[in-house]
Number of protein chains: 2
Amino acid sequence: MDVARSEVLVIGTSVACRSCQARHGVVCGALSAGQLSELGRHSLRRKVDAGCEIIAQGSENSFYSNITRGVVKLCKVMSDGRQQIVGLQFAPDFVGRPFVRESTLSAEAATDAEICVFPRNLLERMILETRELQRSLHAQALNELDAAREWMLTLGRRTAEEKVASLLHLIAAHAETATSTAIDLPLSRAEIADFLGLTIETVSRQLTRLRKEGVIRIENIRHITVPDMDALAKKISG
Amino acid sequence: MDVARSEVLVIGTSVACRSCQARHGVVCGALSAGQLSELGRHSLRRKVDAGCEIIAQGSENSFYSNITRGVVKLCKVMSDGRQQIVGLQFAPDFVGRPFVRESTLSAEAATDAEICVFPRNLLERMILETRELQRSLHAQALNELDAAREWMLTLGRRTAEEKVASLLHLIAAHAETATSTAIDLPLSRAEIADFLGLTIETVSRQLTRLRKEGVIRIENIRHITVPDMDALAKKISG
DNA sequence: CGTGATATTGAAAGGTCTCAACAGGAGTGG
DNA sequence: CCACTCCTGTTGAGACCTTTCAATATCACG
């Protein structure tokens with residue numbers, strides 16, 4: 001965590017875009033070939049280690065980025081240190097808040113990740129020029145809003161066990177192989193606690209509880225398998 | 001609550017628009033004079049009593065509306081009856097989710113309110129035609145997203161006393177007279193509990209606690225005054 | 001002045017947190 | 001290769017906060 005660093009890999013080009021996870025994502029999928037090429041010429045691929053901060057809470061937004069690999073957590077911290085993860089973003093999500101000066105939250109790589117960084121002015125110009133891009137960003141904002149409100153229900157009204165089950169369900173839903181029931185946790189126990197509004201001890205206890213109930217198998221700290229996804233879903237009341 | 005009803009008052013016209021709270025709000029402020037007139041000709045003013053449901057969770061979106069008076073709560077309910085208010089909307093906010101078939105939450109008048117109802121097809125056409133309208137709706141979505149995430153911090157990490165103080169602070173921030181410290185609660189104790197992820201008893205206890213500490217005065221059930229707004233803010237850890 | 005709905009208050013139960021000890025794994029150096 | 005250390009995660013016991021259940025109070029309304 002303390003040695004987390006980021007490294008600029010290559011200058012993005014149209015060539016690099018062709019095989020990019022985010023090529024048909026929120027931003028790039030909304031651009032014309034010409035725009036994509038222009039954006040590509042001015043973009044940078046950055047490799048960010050787990051724990052590396054991409055955007056700091058309260059900092060000025062000077063760039064935007066696409067997640068091309070890995071998971072990014074959006075985090076709010078209080079002055080006394082309490083903190084809450086308010087969103088998880090997966091490739092090929094867009095990260096940043098165009099036309100807004102200051103970020104109200106921090107974005108940090110949860111896993112080793114790769115992002116494609118766009119200069120602020122260029123992207124803002126393209127948004128103004130391209131209806132489809134604006135529509136696409138609007139759609140992502142609405143999806144994030146739905147996710148945030150769904151999570152508010154979890155934070156406010158679900159028990160610790162339901163919360164943990166909800167998280168596993170959420171992550172399973174984002175796993176690439178939909179049929180597979182093997183879950184790669186992108187978060188440490190402390191991060192799970194910060195996402196669920198619990199302590200790490202409670203998270204740990206609820207995980208072992210789900211294990212003893214036979215709902216999950218804990219292969220190791222970061223790998224969990226779900227023999228019966230319906231049984232997991234039943235742990236999450238409606 | 002059980003006798004809540006809604007009543008169509010008048011057909012909106014350009015004349016009615018002139019004195020409307022929402023005239024320069026999210027939707028109407030983004031339209032040209034011609035568009036405003038067209039929208040006005042096809043809109044209805046509806047008066048909705050407190051407790052009246054405007055949009056039902058799981059229902060089809062067949063119309064959209066502007067709040068022209070009062071407060072609307074956005075609510076999610078679980079199959080076992082637990083429920084969570086995931087947002088409060090004040091005049092002149094826009095209510096609804098264009099281009100989405102089914103609502104994932106319910107919208108209900110918290111106070112007696114008035115809304116201006118737009119037909120689905122017309123508004124969706126205008127959004128497609130009018131960049132400024134889309135931009136404006138995008139901006140509201142982002143504001144709601146920020147509010148939702150801020151509230152996630154409250155739900156996940158604040159104590160009961162901090163939660164109640166946060167709610168009072170939120171409502172005071174939306175009060176028309178900024179200098180006044182008199183708060184008109186738009187919510188019952190049960191609704192406050194559903195917004196804060198608490199029980200009504202805990203809400204009640206925390207309110208009397210704040211009263212005994214001298215932070216608030218409870219004039220009556222729906223009216224609270226805050227002698228020292230800074231003292232209230234201090235109850236909400238950063 | 002009853003009546004019902006909403007709100008407050010009290011006492012006990014329960015869930016989550018706090019504090020503390022222990023376990024497991026990765027990396028390091030002997 | 002093994003001991004050592006550090007870090008993360010697990011488990012236990014007791015405390016604390018919030019909930020639950022119950023009784024009482026307050027207010028609007030007929």
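Closest approach of B:Leu105 and B:Val86 over heavy atoms only: CD2-CG2, 3.8 Å.
Mapping A:Thr199 and A:Ile221 onto DNA chain C by nearest heavy atom places A:Thr199 at the nucleotide closer to the 5' end. Nearest-nucleotide positions on DNA chain D for A:Arg157 and A:Lys212 put A:Lys212 closer to the 5' end.
For A:Ile216 and D:dT10, the CD1 to P distance is 10 Å, given to the nearest whole Å. Taking atom CZ on A:Arg189 and atom P on C:dG25, their separation rounds to 13 Å, with Å as the unit. C:dC17 atom P lies 10 Å from atom CG of A:Leu196, rounded to whole Å. Taking atom CG of residue B:Asn220 and atom P of nucleotide C:dT8, one finds them 10 Å apart after rounding to whole Å. B:Ile192 has its CD1 atom 14 Å from the P atom of C:dT6, to the nearest Å. Atom CG in A:Leu155 sits about 13 Å away from atom P in C:dT16, given to the nearest Å. One interatomic measurement links the two molecules: NZ of B:Lys163 to C1' of D:dT18, which rounds to 10 Å at whole-angstrom precision. A:Glu191 has its CD atom 10 Å from the P atom of D:dT8, to the nearest Å.
Looking at B:Glu213, B:Glu162, B:His169 one by one, the single match for side chain to side chain donor-acceptor pair (under 3.5 Å) with B:Lys235 turns out to be B:Glu213.
Across D:dG9, C:dT16, D:dT18, the shortest atom-to-atom separation from the side chain of B:Leu198 is found for D:dT18. If you check C:dC17, D:dT18, C:dT9 against the side chain of B:Ser204, the one that comes closest is C:dT9. Of the candidates C:dC17, C:dA20, C:dT9, the closest approach to any side-chain atom of A:Glu201 belongs to C:dA20.
Among the atoms of the strands shown, none is found under 4.0 Å from any heavy atom of B:Leu207. If you check every strand for non-hydrogen atoms under 4.0 Å, B:Arg222 touches nothing.
Side-chain nitrogen and oxygen atoms of A:Thr208 include none within less than 4.0 Å of the OP1 or OP2 phosphate oxygen of D:dT10.
Residue-to-nucleotide contacts include no donor-acceptor pair under 3.5 Å from the side chain of B:Gln206 to the base of D:dC17. Between the side chain of B:Arg205 and the base of C:dG10, a donor-acceptor pair under 3.5 Å is found.
Note on ring orientation: taking the six-membered ring where Trp is involved, the planes of B:Phe94 and B:Tyr64 are tilted (angle from 30° to 60°).
Take A:Phe90 and apply the ring-ring contact (aromatic ring centres under 6.0 Å, His included) test, not counting sequence neighbours, and it matches A:His174.
When atom types are taken as modelled, the side chain of B:Trp151 and the backbone of B:Leu196 share no donor-acceptor pair closer than 3.5 angstrom.
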